[in-house]
Amino acid sequence: MGKAVLKYIFAFCSLLLFISCGKISSDSTNDEVDYSDSKCWFEANQEGMNKKVDIFYVVPTCIWDYTDSLGQIQHNMDIFNTKQRQMVDPSIRLAKNVLSDSCNFFSPYYRQISMDSWLSLDTALIEKRFQLAYKDVVAAFRYYLNNYNQGRPFILAGHSQGAKAVIELLKHEITPEIYQHLVASYAIGYTITQEELDSYGGFYQFHFLFLA
């Protein structure tokens, strides 16, 4: 009788462990995204890219938290997930329709953080989760400069979370050499603080004032 009770308790605890594991919150993988893979870009066909100026566009927040195949709650986009791309693509397509008449349009898929993350209003949590998103944007931007840009003038643009990424690119990735090719920056729907203006002025000041 004692062994039967122990077996029942063990089975019950195992079930609880399984259920709780199914609700574990994960901050996604830290694997690198290979931006040489055309599937990591929105409509990556480079044919007809014959305009004199490029635009590098970072899409806003379009996804919500979701549960992956292991039962873990994820807070960053799975860029190869068809359903999530269907949530992101209309926003990119709208931007392309508005912005690409006179520019070659480049927009990477990146592991953007979820709307749930922003709605938490937890600044530390948002910044922690955003690191993975920004890591992807940096990788995409560097790949774009080294492989797609070919020395053309370019515009940086982003909306909401994408605007935050653009601001971070301006702060950390735009060297004096790259700056010579930067036409303008559009960071729409995100705040630039006075501290950022004070800390990252110098030869970027015009763009930061424009964004502010």
Side-chain angles (χ1 to χ4, degrees), residues 22-49 51 54-101 103-122 125-144 147-148 154-169 186-190:
K23 296 182 179 179
I24 290 176
S25 177
S26 170
D27 289 322
S28 193
T29 177
N30 285 315
D31 293 344
E32 301 284 343
V33 174
D34 180 8
Y35 283 99
S36 67
D37 184 348
S38 62
K39 291 192 273 311
C40 297
W41 296 85
F42 177 78
E43 297 181 357
N45 186 354
Q46 299 303 303
E47 293 181 10
M49 293 286 185
K51 300 182 178 74
D54 294 347
I55 186 162
F56 184 90
Y57 178 74
V58 188
V59 69
T61 309
C62 299
I63 68 150
W64 298 84
D65 282 354
Y66 62 96
T67 303
D68 67 14
S69 59
L70 298 176
Q72 294 183 324
I73 299 173
Q74 297 289 347
H75 312 290
N76 294 76
M77 179 184 178
D78 176 352
I79 68 170
F80 298 108
N81 182 286
T82 301
K83 290 183 178 180
Q84 291 180 45
R85 286 200 175 200
Q86 288 172 350
M87 290 188 281
V88 170
D89 282 353
S91 183
I92 304 180
R93 190 169 289 110
L94 175 63
K96 183 177 182 181
N97 290 341
V98 172
L99 301 171
S100 67
D101 282 350
C103 299
N104 304 309
F105 185 86
F106 298 89
S107 185
Y109 292 107
Y110 69 103
R111 286 172 289 187
Q112 61 172 253
I113 65 174
S114 64
M115 190 68 71
D116 305 79
S117 299
W118 293 104
L119 293 175
S120 73
L121 303 180
D122 184 333
L125 180 67
I126 290 168
E127 289 298 327
K128 177 183 176 183
R129 292 176 180 174
F130 180 73
Q131 292 310 303
L132 184 62
Y134 180 61
K135 176 182 176 182
D136 286 356
V137 173
V138 169
F141 181 62
R142 291 176 180 175
Y143 187 85
Y144 155 75
N147 297 275
Y148 291 154
F154 70 93
I155 297 166
L156 282 177
H159 179 220
S160 185
Q161 182 172 176
K164 176 174 172 60
V166 164
I167 293 167
E168 295 302 315
L169 288 177
Y186 297 91
I188 304 166
Y190 203 82

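- In this structure, Ser114 OG and Gln84 CD are separated by 10.0 Å, a value rounded to the nearest 0.5 Å.
- Listed by first and then second residue, the salt bridge (Lys or Arg N to Asp or Glu O under 4.0 Å) pairs involving residues 54-63 are Asp54-Arg152 (not counting sequence neighbours).
- Side-chain contact check for Tyr148 versus Trp41: some heavy-atom pair is nearer than 4.5 Å.
- Applying the side-chain contact (heavy atoms from CB on, under 4.5 Å) criterion to Trp118, with sequence neighbours excluded, gives Thr61, Ile113, Ile126, Gln161, Lys164, Tyr190.
- When atom types are taken as modelled, the side chain of Ser160 and the backbone of Gly189 share no donor-acceptor pair closer than 3.5 angstrom.
- Atom CG of residue Asn76 and atom CZ of residue Phe130 lie 10.5 Å apart, to the nearest 0.5 angstrom.
- Checking side-chain atoms of Asp65 against main-chain N and O of Asp116 turns up no donor-acceptor pair under 3.5 Å.
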Acceptor/donor pairs from residues 87-96 side chains to any protein atom, 3.5 angstrom cut, sequence neighbours excluded:
from	atom 1	to	atom 2	distance (Å)
Asp89	OD1	Tyr109	OH	2.6
Lys96	NZ	Glu43	OE1	2.7

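- Listed here is the closest heavy atom pair of Tyr110 and Ala133: CD1-O, 3.7 Å.
- The minimum heavy-atom distance between Ser100 and Asn97, with the atom names listed, is OG-N, 4.4 Å.
- Looking only at side-chain heavy atoms (C-beta outward), Tyr66 and Asp78 come within less than 4.5 Å of each other.
- For Asp37, the salt bridge (charged side-chain N to carboxylate O under 4.0 Å, His left out) partners at least two apart in sequence or on another chain are Lys39.
- Glu168 and Tyr134 get closest at one heavy-atom pair: O-OH, 3.1 Å.
- To the nearest 0.5 Å, atoms CZ (Arg111) and CZ (Arg129) are separated by 15.0 Å.
- Checked by atom type, the side-chain pair Ser120/Ser117 shows no donor-acceptor distance below 3.5 Å.
- In this structure Asn147 satisfies the side-chain contact (heavy atoms from CB on, under 4.5 Å) test together with Tyr143, sequence neighbours excluded.
- With sequence neighbours excluded, the residues forming a side-chain contact (heavy atoms from CB on, under 4.5 Å) with Ile155 are Val53, Ile55, Cys103, Val183, Tyr186, listed by chain and number.
- Interatomic distance, Asp101 CG to Lys51 NZ, rounded to the nearest 0.5 Å: 7.5 Å.
- Proximity of Phe80 to Cys40: side-chain heavy atoms (C-beta onward) are separated by under 4.5 Å at one or more points.
- A distance of 6.5 Å separates CZ in Arg85 from CE in Met77, rounded to the nearest 0.5 Å.
- Note: Ile63 CD1 to Ile79 CD1 = 11.5 Å, rounded to the nearest 0.5 Å.
- Using a 30° and 60° split on the angle between ring planes, Phe56 and Tyr144 fall in the tilted class, from 30° to 60°.
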